[in-house]
Protein chains: 2
Amino acid sequence: MTRNKPTIFDVARKAGVGIGTVSRVLNGAPNVKQATRERVLQVIEELGYRPSHAARQLATSRTFTIGVIVPFITRAFFVEVLRGVEQVIAGTAYNLVIYNVETPRQRAYYLEQLPFLGRIDGLLIISLPLRQRDVEQLLRNGPPTVLIDEYHPALTSVQSDNTAGARMAIEHLLRLGHERIAVIGDTLNHPLGFRINRERLGSYRRTLELHHIAVRDEYQRWSEEYGREGGKLLANELLSLTERPTAIFALNDMMALGVLEAARDAAIQVPQDLAVIGYDDIELASYLNLTTVRQPMSEMGRRGATLLLNILADGSEQVIHQRLPVELVIRGTTAPSSKQQAHSSAQE
Amino acid sequence: MTRNKPTIFDVARKAGVGIGTVSRVLNGAPNVKQATRERVLQVIEELGYRPSHAARQLATSRTFTIGVIVPFITRAFFVEVLRGVEQVIAGTAYNLVIYNVETPRQRAYYLEQLPFLGRIDGLLIISLPLRQRDVEQLLRNGPPTVLIDEYHPALTSVQSDNTAGARMAIEHLLRLGHERIAVIGDTLNHPLGFRINRERLGSYRRTLELHHIAVRDEYQRWSEEYGREGGKLLANELLSLTERPTAIFALNDMMALGVLEAARDAAIQVPQDLAVIGYDDIELASYLNLTTVRQPMSEMGRRGATLLLNILADGSEQVIHQRLPVELVIRGTTAPSSKQQAHSSAQE
DNA sequence: CTGAAAGCGCTTACAG
DNA sequence: CTGAAAGCGCTTACAG
């Protein structure tokens, strides 16, 4: 009448079989007679037997846990991605362990130590760029790894199309007759190395050039300060320029908020006097009626997790790169530029 | 020249000791000669040895992982709490596994199965009420459990003071001369059973009664729809009442947003014609200049995690209940009621 | 199809 | 202070 958790031995004894057989039915091995299988299952049920995770780990040298390294777990973009990841992992035998990174020190630890501790079977890395040596380490001794919102040729990844996103934003503004278009974002030299801003910035420039609009340095501004505060700061700078922009493209929605706030404070009408466009389409954007570029945030998480699960299931070494489309969501913060309205001429 | 991960045997051999000794220095046991300890440490360093998590688990029957059951991982409140939890767990030997609950089905699984699978050493439950039988199960067979933003007499918990929070909000409005004060929130019968709304509602009523203000049923409204949409819906109902309220207390900031939106749409001036007050003080609140009740969200997470760690460390059975203070943050969405302005008389 | 046995890599009395 | 050995609860060839 021991009330200890039953083990595989208890099941085997009661079912009158060897533990090997119990193990086989547990793992759905094909070579078990149907009658035996049923008897064992029956006993498992009766005993309320649950196999020990730890023992299984030790015997198989698998951990059944997936690690996800995610920066600034508190920002809407990352939360949404994480949610997508969680949705697909929850349905599997895997556990999801989250490692939040907010400093370079944490990043170093999680990227250089964690993967080699044998604590995880698979790794998901969100938005964090990898150095070549980290990738090599990972490939040599680390678990299968999938990148989300980042890219490296040697690692399976899923991203959204940042180039197209920025292009769509700019072309939308051009179509509205804007020519003095500024771009802002958090620092291009982020301590954690985020690279998407550069990608979007590049696209901003190329799009302007393509349309023969001068690319002005003074219209490109960056702030160490993330989010609203940063956006407000930069918008204030831009709005006090002699030739101030008629449109501001913020590389994330939170900074777009800051722009709106700065405009409000300066009594500048949006969208009449200033068009504002954001990036991400976090929930807030629709509330503020913000025109923005929508990224499939949860979907990126779901895809990333699914790709990792596939690798884990079939051990395939094939590197896959998925790039998800983005979408321009036109709301109330963009309108034809005053110049445009005066001339009443369509740009294209 | 095997490139396999070194085990405790490799260390023992190279250091010329038994594996027991290696284990002792690994676990900081006191009874090891200093010289021996140093030699072993040296070898561990040289070999880059890392003890196997799985083996340790199996031998100690501890898992070194803490589970946290959290509803709607995407909402600002929960994200902030989670971040607090993460901050304290990250510095320990424990892993943090997150279980996101969005349906009663998931709740049932995570509350009734997960704790008894031997996968976690400790459990944190956020905002989810427990039935008596769940608590008994937990106490009998489950891991040490700490409740965050919920209460049960038999389980250590940390909450903020919801009663005081609602009282402060209402008294602030009363002081401004408001008497027609409505309260809104997401449904009182939430599928996941959230109870804080009832607590705050109770305090709303008592506070009004205390001040001899009639408590009207039509001024208390609830929506299945969470957040902005729900808030907007309820605000529209309230604003179309014959005798419409001069102030609305939303039991969470997201719904307060919806109220602001409804007011905007109806061209009702906030705060002149309608005072609005929220709850939580999520980041957004300051952007929208929303008067609100600030809860120490991350701090609740930190406290909860710390309490759990303490239990895990000393095995204490003592049940502790912490209640953290909240704070009224007065911003721009509350002002004296027009009546008050007319009479120019202070309420107290 | 199935059982007996080795092995996964630790911890922990036990005996010295 | 330290070594040898048992034990944690599984999986997996191996032999039948």
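Numbers restart at 1 for each chain; the letters A, B, ... are given by sequence-line order, proteins then strands.
- Rounded to a whole Å, the CG atom of B:Asp10 is 11 Å from the C1' atom of C:dG9.
- Note: A:Phe72 and A:His190 have perpendicular aromatic rings, judged against thresholds of 30 and 60 degrees for the angle between ring planes.
- In this structure, the CZ atom of A:Phe9 is 9 Å from the P atom of D:dC8, given to the nearest Å.
- Side-chain atoms of A:Arg24 come within donor-acceptor range of the base of C:dG3, with a qualifying N/O pair under 3.5 Å.
- A:Gly118 comes within contact range of no nucleotide atom at all, as no heavy-atom separation falls under 4.0 Å.
- Applying the Watson-Crick and G-U wobble criteria (two distances, each under 3.5 Å), D:dA13 pairs with nothing in any strand.
- Atom CG of B:Asn27 and atom C1' of C:dT12 are 10 Å apart (whole Å).
- Heavy atoms of A:Ser23 sit under 4.0 angstrom from at least one base atom.
- Counting to the nearest Å, the P atom of C:dG3 and the NZ atom of A:Lys33 are 10 Å from each other.
- The side-chain tip of A:Arg75 points at the ring of A:Tyr226 from less than 6.0 angstrom away and within 45° of straight on.
- Across all strands shown, D:dA4 remains unpaired; no Watson-Crick or G-U wobble contact has both distances below 3.5 Å.
- Heavy-atom minimum distance, B:Leu192 versus B:Pro71: CD1-CB, 4.0 Å.
- A straight line from CZ of B:Arg62 to P of C:dC10 spans 16 Å, rounded to a whole angstrom.
- Taking atom CZ on B:Arg56 and atom C1' on C:dT12, their separation rounds to 13 Å, with Å as the unit.
- From A:Asn31, atom CG reaches atom CZ of A:Arg24 across 6.5 Å, with rounding to the nearest 0.5 Å.
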